[in-house]
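First up is the structure itself, then whatever we jot down about it.
Side chains included, hydrogens not; waters and symmetry mates left out as well; all remaining heavy atoms used. Proteins get letters first, then strands, A, B, ... in listed order; numbering begins at 1 in each. Because the structure is predicted, anything quoted here is derived from the model rather than measured.
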Protein chains: 2
Amino acid sequence: MPAIAEQHDWIDRFEGLSRLEPRIRDVLTARSQVIRVPANTVIFGPGKSPDNMLLLLDGTVRVQQLAESGREVVLYRVTAGESCVLTTACMLAYEDYAAEGVAETDITAAAIPRAVFDDLVSTSKEFRNFVFRAYSRRITDLFHVIEDIAFRRMDIRLAQKIIERADTGVLKATHAQLAAELGTAREVISRQLAEFQRRGWIAQGRGTVEILDCDGLRKLAET
Amino acid sequence: MPAIAEQHDWIDRFEGLSRLEPRIRDVLTARSQVIRVPANTVIFGPGKSPDNMLLLLDGTVRVQQLAESGREVVLYRVTAGESCVLTTACMLAYEDYAAEGVAETDITAAAIPRAVFDDLVSTSKEFRNFVFRAYSRRITDLFHVIEDIAFRRMDIRLAQKIIERADTGVLKATHAQLAAELGTAREVISRQLAEFQRRGWIAQGRGTVEILDCDGLRKLAET
DNA sequence: GCCAATCAGTGACCTAGTCACACAAGGCGG
DNA sequence: CCGCCTTGTGTGACTAGGTCACTGATTGGC
């Protein structure tokens, strides 16, 4: 059986939980459970609300909005060290969401049952802060999405997305995936990428975009 | 001095607070304050976070997103009997919002200081539910905005908006205001309204839209 | 009655999304 | 290794929506 300190270990991966009251740390570790979920699992979605709040330990969860037309937009990603507060919102769901959360990689997460969540919110000021800050962050993310979609040009948004998601200089994604990411149509992406290529900023392969001139992209993205 | 029952009165205007624990009702009334704010006051916005959570007793608050370009979108409205949870989010602000809340009419609201809010969340399960439900509702609203902007046609959105906001059959709003409402440009509204008029669905005046054929509009809106 | 501010209409032009394709690259069973 | 199927990409024609630069109309204030 692992020592208490070891059990507590994962909590420290959450910035917002570092100052959690010791007593609360015990409750959190004792009454939550570390779970593993394979990539591409739908964690929550229309008609599928989970009964646990998830604190992501490893991997990323993509939260996206689906339209009846089949088009999509990515709203935000939950990365390791963050909580999926919308899960909480789903648990208390006022109405069914049109959004879904998908495991983008294999993930491990601490699952906090609803009752425990309620208990923690009630008894720990630090946990309350953590939860409200997480909400705040997500709402800010949504505001950015709205601003982007409503007011920014596609070429700029695409350039940003490429920079943001191509850590190694090569982005593995099809045009269709990038379109879903930005809430537009595949053809639009194809045309924009063709233009980027013509300008020598990128090279394309089947399912990949390679950055050749990051500065070129960045200059556009910062417009 | 008003009787306790009378002091509690406003609480009952909030559906979500009807089952509040009696002890909590007392705290809420004793430690919150009813305030009045004239129309067009900016309640919160970039660089202006309030230190109270507001429960709206009368009037409406319009929450809108501003772009540097000067364009706007209305995100949602808070009406009497609802709480302005984003106010809370602002209080704990993770980051400055690009959104602002404006009193659309003269309003009266119960202001709950931050400390009291925290206290209530901690001690009352009913109040917690109320708060989380309010968050959930707002997030749902934001999802709808995203869906609308990203995937729906302007003519449909405009028709819906007209129906939604013209209770008496006459809508008092300039083209520019409708454009800000939907996050588009004034010219687009002008052209769409001209088309609606041509079809005999509406009549226009300076700053007004009169519905002539609600069924016509509705048929479009339900597409 | 005049002026300035506000509101609405319009054409030209550009960006974005839709539709209907053609075509190319890999994957795989035979 | 070949044909075939799936998936990914390219393209032209067209519609919808957004921008720009105007004009003209209405109205409230002096």
Interatomic distance, [X] [atom1] vs [N] [atom2] [rounded to whole Å]:
X: B/Gln192; N: C/dA8; atom1: CD; atom2: P; result: 16 Å
X: A/Glu187; N: C/dT15; atom1: CD; atom2: C1'; result: 15 Å
X: B/Ile189; N: D/dT19; atom1: CD1; atom2: P; result: 12 Å
X: B/Arg157; N: D/dA16; atom1: CZ; atom2: P; result: 16 Å
X: B/Gln204; N: C/dT10; atom1: CD; atom2: P; result: 10 Å
X: A/Leu182; N: C/dA16; atom1: CG; atom2: P; result: 11 Å
X: A/Met154; N: D/dG17; atom1: CE; atom2: C1'; result: 15 Å
X: A/Ile149; N: D/dG17; atom1: CD1; atom2: C1'; result: 15 Å

Check your understanding: Any donor and acceptor pair, going by atom type alone, linking the side chain of B/Thr223 with main-chain N or O of B/Lys219 inside 3.5 Å?
Key ->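 Yes.
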Review point. Would you call the rings of B/Tyr135 and B/Phe132 parallel, tilted or perpendicular if under 30° counts as parallel and over 60° as perpendicular?
Key: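 Answer is tilted, since the angle falls between 30° and 60°.
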Exercise for review: Give me the ring orientation class for B/Trp201 and B/Phe196: parallel if the planes are under 30° apart, tilted from 30 to 60°, perpendicular past 60°.
Suggested key: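 Tilted: the ring planes of B/Trp201 and B/Phe196 meet at 30° to 60°.
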Check your understanding: Does A/Ala150 or A/His175 map to a spot on DNA chain D nearer the 5' end, using the closest nucleotide for each?
Key ->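 Comparing both residues, the 5'-ward one is A/His175.
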Practice item. Identify, between A/Gly205 and B/Arg153, the residue whose nearest nucleotide on DNA chain D lies closer to the 5' end. Key: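 The residue mapped nearer the 5' terminus is A/Gly205.
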Exercise for review: Only one of A/Arg199, A/Gln197, A/Gln192 passes side chain to side chain donor-acceptor pair (under 3.5 Å) with A/Glu195; say which it is.
Suggested key: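 The single option meeting the side chain to side chain donor-acceptor pair (under 3.5 Å) with A/Glu195 is A/Arg199.
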Review point. Which is true for B/Arg71 with a 4.0 Å heavy-atom rule: it touches a base, it touches only sugar-phosphate, or it touches nothing?
Key: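 Touches sugar-phosphate only.
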What's the closest nucleotide to the side chain of [X] if the choices are [options]?
X: A/Val188; options: C/dG17, D/dG18, D/dG8; result: C/dG17
X: B/Arg191; options: C/dG11, D/dG10, D/dG17; result: C/dG11
X: A/Ser190; options: D/dG17, D/dG8, D/dG10; result: D/dG10

Point to revise | Closest-nucleotide ordering on DNA chain C, the 5'-leading residue of A/Asp155 and A/Arg186 | key: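 The residue closer to the strand's 5' end, by nearest nucleotide, is A/Asp155.
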**Study point:** Given DNA chain C, 5'-ward residue of the pair A/Gly183 and A/Arg206, judged by closest heavy atom
**Key:**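 This one resolves to A/Gly183.
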Review point. Between the side chains of B/Gln204 and B/Glu210, is a donor N or O closer than 3.5 angstrom to an acceptor N or O?
Key: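 No.
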Review point. Any side-chain N or O of A/Thr184 under 4.0 Å from OP1/OP2 of C/dG17?
Key: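 Yes, because at least one side-chain N or O of A/Thr184 sits under 4.0 Å from OP1 or OP2 of C/dG17.
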